[in-house]
Amino acid sequence: MKTNLRNLAKSWFNRKTLFFMKNFILIMLISTLNMYASNSYSQQTKLSMELNGSSLKEVLREIRKQTEFTVLYRSSDVRDVAELDADFEDATVMEILDQCLKGTSLGYEVKDKVIVIYPVDYVPEPVIKKTVQEKKTITGTVTDTDGVPLPGVSVIIKGTSTGVATDIDGNYSLDIEQERAVLVFSFVGMLSQERNYTGK
């Protein structure tokens, strides 16, 4: 009886697994074909048009008329592009747009069956000169009220994780890049103290 139940469960599991695998492969195949179809449409669609003093708006209207493309743009972006002269015979949409937008401040993107015309605002990045600050080394000795050196005192630049601990003689050496900083001195069982560093 147990063997029959085990075989039945195994058979059911195998059928379910097979069903899911078939569906997964089918979905992947459909997705791949859709992606290929949308990419190949823009490559395979050929247009013919004569431009005699045409405006870019008229060209885009003609592309919409002859193809399944949707063209998105702002009227203010394309209104100044006019007087286009060219003859296209069996040209792709990209070839036409490359020619029509040459020398303008406009670019385009083709995704699936949508063409987006957009302004290409090229703003050169400002050259920022970084002032390289020299590292300075601060040295000192930490002592108690009787002048006895304190080893193991933490000396940290406030607001950073940069710091050191004093040695057995209470001495410390700390590299600093700022002209002004606050040094925090802390020791177990004692109150922390802050001292301003002003370049000296």
Side-chain angles (χ1 to χ4, degrees), residues 11-136 157-162 175-181 199:
S11 172
W12 179 85
F13 179 76
N14 287 340
R15 273 185 284 156
K16 280 288 182 190
T17 306
L18 189 61
F19 174 77
F20 284 121
M21 288 300 291
K22 280 182 181 177
N23 283 337
F24 177 75
I25 291 169
L26 184 64
I27 289 168
M28 290 301 293
L29 185 62
I30 289 170
S31 299
T32 307
L33 288 174
N34 279 343
M35 203 159 52
Y36 175 76
S38 62
N39 286 339
S40 64
Y41 180 77
S42 58
Q43 296 293 330
Q44 292 175 357
T45 305
K46 305 286 186 181
L47 296 95
S48 298
M49 60 174 76
E50 276 184 37
L51 306 180
N52 297 316
S54 304
S55 67
L56 180 57
K57 207 180 260 191
E58 291 170 331
V59 173
L60 298 176
R61 197 179 300 130
E62 191 60 33
I63 289 172
R64 265 196 306 235
K65 197 187 293 182
Q66 290 190 35
T67 67
E68 295 175 24
F69 281 109
T70 301
V71 186
L72 303 175
Y73 61 89
R74 286 189 310 194
S75 293
S76 57
D77 292 337
V78 301
R79 70 174 164 225
D80 294 333
V81 183
E83 301 300 319
L84 297 171
D85 292 312
D87 289 337
F88 296 103
E89 193 69 41
D90 292 330
T92 64
V93 170
M94 278 83 84
E95 290 170 341
I96 294 170
L97 290 173
D98 285 340
Q99 181 67 33
C100 292
L101 298 179
K102 193 194 300 183
T104 70
S105 60
L106 297 174
Y108 71 90
E109 189 175 336
V110 180
K111 182 125 182 177
D112 297 329
K113 292 184 182 178
V114 178
I115 300 169
V116 181
I117 308 291
Y118 58 89
V120 181
D121 297 320
Y122 174 72
V123 180
E125 290 181 22
V127 178
I128 300 170
K129 290 184 180 177
K130 286 189 177 178
T131 53
V132 179
Q133 294 182 342
E134 291 180 18
K135 281 187 180 179
K136 293 183 180 179
I157 301 170
K158 191 174 183 178
T160 71
S161 58
T162 305
D175 289 335
I176 191 166
E177 294 181 358
Q178 300 154 280
E179 284 298 321
R180 294 179 180 279

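Since this is a predicted model, take the numbers as computed values, not measurements.
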Legend entry - Any pair counted as salt bridge (charged side-chain N to carboxylate O under 4.0 Å, His left out), so long as it reaches residues 49-67, sequence neighbours left out: Glu62-Lys65
Inset, instruction - Can you see which heavy atom on Tyr118 is nearest to which on Glu109, and at what distance? - result: CE2-N, 3.9 Å
Legend entry - Nearest non-hydrogen partners of Phe69 and Val114, listed with the distance: CD2-N, 4.1 Å
Inset, instruction - Could you tell me the separation between the OG1 atom of Thr67 and the CD1 atom of Ile115, rounded to the nearest 0.5 Å? - result: 6.0 Å
Inset, instruction - For Ser105, check side-chain contact (heavy atoms from CB on, under 4.5 Å) against everything at least two apart and list the hits. - result: none
Inset, instruction - Would you list the pairs meeting salt bridge (charged side-chain N to carboxylate O under 4.0 Å, His left out) in which at least one residue belongs to residues 72-100, sequence neighbours left out? - result: Arg74-Asp77
Inset, instruction - Compare all side-chain heavy atoms of Leu106 with those of Leu56 and state whether any distance is below 4.5 angstrom. - result: yes
Legend entry - Taking every non-hydrogen atom, the tightest pair across Val59 and Cys100: CG1-SG, 4.0 Å
Legend entry - Nearest heavy atoms of Ala181 and Ile157, plus distance in Å: CB-CG2, 4.1 Å
Inset, instruction - I would like to know whether Ile63 and Leu97 meet side chain to side chain contact (heavy atoms under 4.5 Å, CB included); could you show each step before the answer? - result: CA-CA 10 Å; Ile63 289 172; Leu97 290 173; 4.2 Å; yes
Legend entry - pair Thr162-Ile176: side-chain heavy atoms closer than 4.5 Å: no
